[in-house]
Novice: 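Right, I'll just put the structure down here and ask away after.
Numbers restart at 1 for each chain; the letters A, B, ... are given by sequence-line order, proteins then strands. Quantities reported herein were computed from a predicted structural model and do not represent experimental measurements. The analysis underlying the following values was restricted to heavy atoms, covering all of them including side chains, and did not include hydrogens, waters or symmetry mates.
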Protein chains: 2
Amino acid sequence: MKGDAVFKRTYNQAVANFALMNPGETIASENNLKITLDASRTTVRKVLFEMEAKGVISADRANRILLRRPKQQDVFPRSETMSISAQVEKKFMEWMLRTDLQPGHVINELELARQFRVSTSGIREFLNRFSRFKLIEKRPNSGWCFRGFTRDFALELFEVRELFETRSAISFATRPLDSEAWTVLKEIETEHRKLLRNITKQYHDFSDLDERFHQLINNASNNRFIVDFYDLISLIFHYHYQWNKVDERKRNQAAIVEHLDYIEALFSRDPSRIELACKSHLKSARKTLLASIKTQTPNAIENLP
Amino acid sequence: MKGDAVFKRTYNQAVANFALMNPGETIASENNLKITLDASRTTVRKVLFEMEAKGVISADRANRILLRRPKQQDVFPRSETMSISAQVEKKFMEWMLRTDLQPGHVINELELARQFRVSTSGIREFLNRFSRFKLIEKRPNSGWCFRGFTRDFALELFEVRELFETRSAISFATRPLDSEAWTVLKEIETEHRKLLRNITKQYHDFSDLDERFHQLINNASNNRFIVDFYDLISLIFHYHYQWNKVDERKRNQAAIVEHLDYIEALFSRDPSRIELACKSHLKSARKTLLASIKTQTPNAIENLP
DNA sequence: TATCGGTCTTTTATCGACAAGAGACAATGA
DNA sequence: TCATTGTCTCTTGTCGATAAAAGACCGATA
């Protein structure tokens, strides 16, 4: 009744690792595998027993040997390596976008549970966790209400984002010159330049780079609330980029140029210049996001029973 | 298996309402009671049937009449009117303070469930919700880790608080002069002056007033993230005030004086003056909070396995 | 025709069960 | 003595069941 996603994930990882070894080589000890596979020894053993049964490794447990390279084909499918809660998260986000959920929509736990083929508890737990993003709201003893990815939401999000990121960016610049962060920033700058050169072909790669760049800056705040807030931004952008592909190349190109200016400002370590670059970039990011939000009936929530 | 806290709470409310009526008076219709008692009709009916059985109201349902005033003694005890999740919240907070939980402590769901006499699901759900305050952290497939109410926590909390509240305060001042907020602020100012005159006796009442004042300001931001963050501050102060009573009178008196200055600044509608008053008050609030945090081993969390 | 109470269906809150997984301790061997 | 595997216990993740609560529908009636 618990799901064996951990086992399957670990098994797949072990297959990948053993596939790089040669038959005859000795397998690392359980305690060492525990570290490389990042699981408990209980799980590691389960994996090893399974491999033993399949004749991949020898049965002499005191001195395990790789008998043959495991076949890549008998790994578990990716979907089975996700815990139920991770699956629910994925399914919910997809469902939300696919059904184009309107603000005010009441979310029914039971219905979702049936649709996603999980128990209601799984849904409840997810919704509880998800509510921290303020996109849904609980009505006690009744269901959850979708507040909507509205214009207001985007504005409130960016208001906080701007407050947090200007603060983080300025604090980034106060780091000692030998801090590792500067090296990482330099790397990110290089990647930006490279991407800009190949923009016509690789513009899809930007969203990943974008996230790494902003996360680097926000982490500089050393503030758990600021860092945590970036989770929400990541989420929004992740799914937003999936559903709005209009002008993507152009938008990304413009953003890269802004980032380069922003990075230069950071290297200058001049607070007022940093603030300027940061604000100007966020302003245009906000504009982009707002443009992609459909016009929705205002106050949809207030009109509900 | 659901607990009947809603019924009991509604019943108590009905008893309180009926106690103000005279025998012979007509009882409002179910649909009207539903509104005054703030529950579903199903629950209202259950309450009415119970009252009917106890002979408090007549059995003629088409035209219910109060037969006698319900006795105040047979209401349900307060504890039974709390939902399980509310009980867990209360018990958890008390437990946390009572046991003086150290940073790095691993929280065991099962143990808490046994201690609080609820199922593990109840605990899980609470911890999940509570984790938004960043005082606990989940280790997947293992327990929860208490991060501790440390000096760092307080500093990070106040960093965000200051960002948010200065923003809110300045936006408060831009409200139109006929906005209701100004009236409420005036009332709060009056209460401050009153409290200051009776400070020796009523200094306990400050924490309530404090919360209302800051909440008023934060609500002016019209930003769900900012408003939401104040929940955390309320929580911290609520429990902090319960455990640190040293110099309470003196601290509160000083805070009132600062508040009055802050309020005056708001009425002046001068942004720079507001910012100054706000920052200066928050600075001393932070100082107070920090002073009350015991010196704890730094980086206690990092030292864990 | 709008409101009332009666009845029935659907949904939520909470529990207990149990397999998977984590971790502690014991036994063994180099 | 230390690391290794074997064994056992305790905890977590997930499910399904069930009572309480919400709410829809209906006929009556004023």
Novice: Map A/T120 and B/K34 onto DNA chain D by nearest heavy atom, then report which one ends up closer to the 5' terminus.
Specialist: A/T120

Novice: Under 4.0 Å between any heavy atoms, over every strand shown, what does B/R114 touch: base, sugar-phosphate, or nothing? Just pick one.
Specialist: sugar-phosphate

Novice: Under 4.0 Å between a side-chain nitrogen and a carboxylate oxygen: does that hold for B/E30 and B/R64?
Specialist: yes

Novice: Round to the nearest Å and state the distance from A/D60 atom CG to C/dG29 atom P.
Specialist: 12 Å

Novice: So, does B/N108 get its side chain near the phosphate of D/dT12, meaning an N or O under 4.0 Å from OP1 or OP2?
Specialist: yes

Novice: So does B/K2 get a side-chain nitrogen or oxygen closer than 4.0 Å to the phosphate oxygens (OP1/OP2) of C/dC15?
Specialist: no

Novice: Would A/F133 and A/F149 count as a close aromatic pair, with their ring centres under 6.0 Å?
Specialist: no

Novice: Does a side-chain N or O from A/S85 land closer than 4.0 Å to OP1 or OP2 of D/dT14, or not?
Specialist: yes

Novice: Supply the atom-to-atom distance B/N63 CG to B/S58 OG, rounded to the nearest 0.5 angstrom.
Specialist: 7.0 Å

Novice: Quick one: is D/dG13 close enough that its OP1 or OP2 comes under 4.0 Å of any side-chain N or O from B/K138?
Specialist: yes

Novice: B/R9 side chain N/O closer than 4.0 Å to the phosphate oxygens (OP1, OP2) of D/dA20?
Specialist: no

Novice: Is the number of heavy atoms from other residues, nucleotides or ligands under 6.0 Å of A/K71 NZ greater than 12?
Specialist: no

Novice: Let me know the distance between CE of B/M82 and P of C/dT14, rounded to the nearest Å.
Specialist: 12 Å

Novice: How far apart are the C-alpha atoms of B/D4 and B/K8, what are their side-chain angles, what is the distance that settles it, and do they pass the salt bridge (charged side-chain N to carboxylate O under 4.0 Å, His left out) test?
Specialist: CA-CA 6 Å; B/D4 52 1; B/K8 287 176 175 167; 3.5 Å; yes

Novice: With a cut-off of less than 4.0 Å, is there a side-chain N or O of A/R61 near OP1 or OP2 of D/dG6?
Specialist: yes

Novice: Is A/T42 side chain donor-acceptor paired with the C/dG23 base, going by distance under 3.5 Å alone?
Specialist: yes

Novice: B/S40 side chain N/O closer than 4.0 Å to the phosphate oxygens (OP1, OP2) of D/dG23?
Specialist: no

Novice: Closest nucleotide of DNA chain D for B/S121 versus for A/R64: which of these residues is on the 5' side?
Specialist: A/R64

Novice: Write down the distance between CE (A/M1) and P (D/dA17), rounded to a whole number of angstrom.
Specialist: 9 Å

Novice: Under 4.0 Å from OP1 or OP2 of C/dC4: is there any side-chain N or O of B/S29 that close?
Specialist: yes

Novice: What is the distance, to the nearest angstrom, from the CZ atom on B/R41 to the C1' atom on C/dC8?
Specialist: 12 Å

Novice: Which sits closer to the 5' end of DNA chain C, A/I107 or B/G122, going by the nucleotide each is nearest to?
Specialist: A/I107

Novice: Considering only NZ, NE, NH1 and NH2 on the basic side and carboxylate oxygens on the acidic side, decide whether B/E50 and B/K54 come within less than 4.0 Å.
Specialist: yes

Novice: Can you measure A/D4 atom CG to C/dA22 atom P for me and round it to whole angstrom units?
Specialist: 12 Å

Novice: Counting only side-chain N and O atoms of B/N31, is one of them less than 4.0 Å from OP1 or OP2 of C/dC4?
Specialist: yes

Novice: Give the rounded distance in Å between these two atoms: CD of A/E125 and P of C/dT12.
Specialist: 16 Å

Novice: Please tell me which of B/S119 and A/T43 maps to the more 5' nucleotide of DNA chain C, matching each residue to the nucleotide holding its nearest heavy atom.
Specialist: B/S119

Novice: Once you round it to whole Å, what is the distance between C1' of C/dT14 and CD1 of B/I84?
Specialist: 7 Å

Novice: Is the shortest side-chain N/O distance from A/S142 to OP1 or OP2 of C/dT11 below 4.0 Å?
Specialist: no

Novice: For B/R124 and C/dC15, what is the distance between atoms CZ and C1' respectively, to the nearest whole Å?
Specialist: 14 Å

